[in-house]
Amino acid sequence: MVKSLLRNLPSVDELLRDSELVPLYRKFSASIVKDSIRGVLEVLREEVLCGRLKDLSRSTIRALIRADLEGLLRPGLEPVVNASGTVIHTHLGRAPLPDEALEAVRLAAEGPVSLEVDLEDGSRGERDAHCEELIRRLTGCEAACIVNNNAAAVFITLNSLAYGREAVISRGELIEIGGSFRLPEIMERSGCILKEVGTTNRTHLHDYMDAMGENTGLLLKVHRSNYNITGFTKEVHLPELVTLGRRYGVAVVEDLGSGSLVDLSRYGLKKEPVVDESIKEGVDVVTFSADKLLGGPQAGIIAGKKEFVERIRRNPIKRALRVDKLTVSALEATLRLYLNPEGLEERLPILRLLTRPLEEIEKRAWRIKELLSSRLGKRFLIYVEESSSIVGSGALPDCSIPTRVVTITHHEIGAERIFNHFLHSEPPVLGRVERERFVLDARTIDAEHVEHIKPLYHG
Ligand SMILES: *Cc1c(COP(=O)(O)O)cnc(C)c1O
């Protein structure tokens, strides 16, 4: 049985000549088609050998080849409806860009731009200069440079300022963010020596002082971002570290993580550290992400004293971490919005999402409930309830923002399965499972997405 099935499997050459597969050559090169045929035959051979396949009609084989190749034409990066309630969702690409940035990206993508040309005299320009002036005005720093993301910013800062020397850091700040960013590992790879001081919950100024020595390269302060230490705690704040750094002549570096350019409490949110405060307190270098609370494209911003930023800029690794014209254009346009923070919560999508009025969210939730009640049928129980959204990406970890969710349950279908059904619908909808119920958080769902939520099943 198995043998005869294997014998009946057509050869690659036969399939290459199959007249019904000829239309594929209009969209794919001969070698791409051939690879696909090989791949499909290999899978089929294995299925036969495991006894999973009993029938191998030519039409089935053709359909598999077509499906394999057509799959290559579908974009892998698809728009997703964010119903998760995590406003800055790293897995969904973080901050949505403001219109001004979208327009700037389109222009930059379309053709030549003055990325590294000084338009005064045609001489060589600096690609970071476009954003640097804005960052200087917005934060009060002396100089700034831009790299691929904040992890890169931390890496190149340590590598430039403390290679082969000790970076002193409190044990309470040796954080991991989202699995792939673990501070001790980045520090090690940057070539500096990790010098831990204090304990997880308490670190005193004398702990830092005791660690100072011949080989001290810098003092590092890290914003804990995604967790909080409460209770019997003590940490040394930036101004004291700055004083200590001055006394010993070593740089003081702060990784702010999210780094907001405005005090979010003016928009009714909890306060997150503001970059200009660190600059005022005398930090030598501060690093932060451009696509977290700042609301721009993925990038890492390094701001601070000219002397240190220059050393970072001249590091040969900068070439490997530099951003492209699309990022520069989007970042520049986003930063410009901060020149007047009045009404920023209307113009900057990330702030719009974070400050969306509860009445508006509630209205949206009821509209979704109404739509889904007709689309899902009577056997699903659908309610609008109170819940909370989170900021995400390590920003404002203990800040939950009141929201309204649409809860969807079914007495026979579990929450995880409903979650998957929504995820596999067109467009994909990413909700969340909360207390064993599937929920759609109306805060993060855009108005224009509401009508597109079309779950696969009915009944
Ligand atoms: C998020 C974060 C990082 C990493 O930033 P990316 O932009 O994701 O590279 C590093 N440090 C802190 C404190 C953070 O919050």
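We use all heavy atoms of the structure for the numbers below, so side chains are in, but hydrogens, waters and symmetry mates are not. Values in this document were obtained by computation on a predicted structure and should not be read as measured data.
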Asks: Is a salt bridge present between R106 and E103, judged by a nitrogen-to-oxygen distance below 4.0 Å?
Replies: yes

Asks: Within the 4.5 Å heavy-atom criterion, are R437 and V433 side-chain neighbours or not?
Replies: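 SC-SC contact between R437 and V433 ruled out.
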
Asks: Going by atom types alone, do T327 and Q298 pair a side-chain donor with an acceptor below 3.5 Å?
Replies: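 Side chains of T327 and Q298: no pair found under 3.5 Å.
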
Asks: Mind checking whether E345 and R352 have side chains closer than 4.5 Å, heavy atoms only?
Replies: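 Side-chain contact under 4.5 Å: no.
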
Asks: We want to know whether E254 and S278 form a side-chain donor-acceptor pair, criterion being a heavy-atom distance below 3.5 angstrom.
Replies: yes

Asks: Is a donor from one side chain sitting under 3.5 angstrom from an acceptor on the other, for T403 and D441?
Replies: yes

Asks: Do R94 side-chain atoms and P297 backbone N/O form a donor-acceptor pair below 3.5 Å?
Replies: no

Asks: Please check if atom CZ in R171 has more than 12 non-hydrogen atoms from other residues, nucleotides or ligands closer than 6.0 Å.
Replies: yes

Asks: Do S123 and D121 have side-chain atoms, one donor and one acceptor, less than 3.5 Å apart?
Replies: yes

Asks: Check whether any side-chain heavy atom of I453 sits under 4.5 Å from a side-chain heavy atom of H449, and report yes or no.
Replies: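 They are not in side-chain contact.
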
Asks: On a heavy-atom basis, which atom in L337 and which in L344 lie closest, and how many Å separate them?
Replies: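 The pair with the smallest heavy-atom distance is O-CD1, 3.6 Å.
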
Asks: Are a donor atom and an acceptor atom from the side chains of R443 and S389 found within less than 3.5 Å of each other?
Replies: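 Yes, side-chain donor-acceptor contact under 3.5 Å.
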
Asks: Under a 3.5 Å distance rule, please check whether E126 uses its side chain to pair with a backbone N or O of D128 as donor and acceptor.
Replies: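 It does hold such a pair.
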
Asks: Cation-pi check for F155 against R189: NZ or CZ below 6.0 Å from the six-membered ring centre and within 45 degrees of the axis, yes or no?
Replies: no

Asks: What closest approach, in Å, do G282 and R246 show between heavy atoms, and which atom pair accounts for it?
Replies: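 G282 and R246 have their closest heavy atoms at O-NH2, 3.0 Å.
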
Asks: Do E70 and R74 meet the salt-bridge criterion of a basic N to acidic O distance under 4.0 Å?
Replies: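 So R74 does not pair with E70 through a salt bridge.
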
Asks: Is there a donor-acceptor contact under 3.5 Å from the side chain of E173 to the main chain of V222?
Replies: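 Yes, because the side chain of E173 sits within donor-acceptor range (under 3.5 Å) of the backbone of V222.
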
Asks: Is there a side-chain contact between L430 and H89 in this structure, where contact means two heavy atoms from C-beta onward sitting under 4.5 Å apart?
Replies: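 They are in contact (side-chain heavy atoms under 4.5 Å apart), so the answer is yes.
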
Asks: Can you confirm whether L134 sits close enough to L339 that some side-chain heavy atom of one is under 4.5 Å from a side-chain heavy atom of the other?
Replies: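 Touching, per the 4.5 Å side-chain cut-off.
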
Asks: Looking only at the side chains, is there a donor atom on one of S160 and N315 sitting less than 3.5 Å from an acceptor on the other?
Replies: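 Side chains of S160 and N315: pair found under 3.5 Å.
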
Asks: Within the 3.5 Å criterion, strictly below it, is a donor on E235 or H204 matched to an acceptor on the partner's side chain?
Replies: no

Asks: What I want to find out is whether E116 reaches R127 closely enough, with some N-O distance under 4.0 Å, to be called a salt bridge.
Replies: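 Yes.
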
Asks: Between S387 and R432, do the side chains contain a donor N or O and an acceptor N or O under 3.5 Å apart?
Replies: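 The answer is yes; a qualifying pair exists.
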
Asks: Do F419 and V429 have side chains that approach each other closer than 4.5 Å (heavy atoms only, starting at C-beta)?
Replies: no

Asks: When you compare the side chain of T86 with that of T444, does any pair of heavy atoms fall below 4.5 Å?
Replies: no

Asks: Less than 4.5 Å apart, any side-chain heavy atom of P402 and any of L358?
Replies: yes

Asks: Between D68 and S36, is any side-chain donor less than 3.5 angstrom from a side-chain acceptor?
Replies: yes

Asks: Count the heavy atoms belonging to other residues, nucleotides or ligands that lie under 6.0 Å from CD of E451, then report whether that count exceeds 12.
Replies: yes

Asks: Looking at R247, I want to see if its CZ is surrounded by more than 12 non-hydrogen atoms of other residues, nucleotides or ligands under 6.0 Å.
Replies: yes

Asks: Set out, in order, the CA-CA distance, both residues' side-chain angles and the distance that settles salt bridge (Lys or Arg N to Asp or Glu O under 4.0 Å) for R356 and E360, then state yes or no.
Replies: CA-CA 7 Å; R356 182 170 275 167; E360 191 186 317; 3.4 Å; yes

Asks: In sequence, state the C-alpha distance, the side-chain angles, and the governing distance for N82 and S84, and then conclude on side chain to side chain donor-acceptor pair (under 3.5 Å).
Replies: CA-CA 5 Å; N82 181 7; S84 69; 2.6 Å; yes

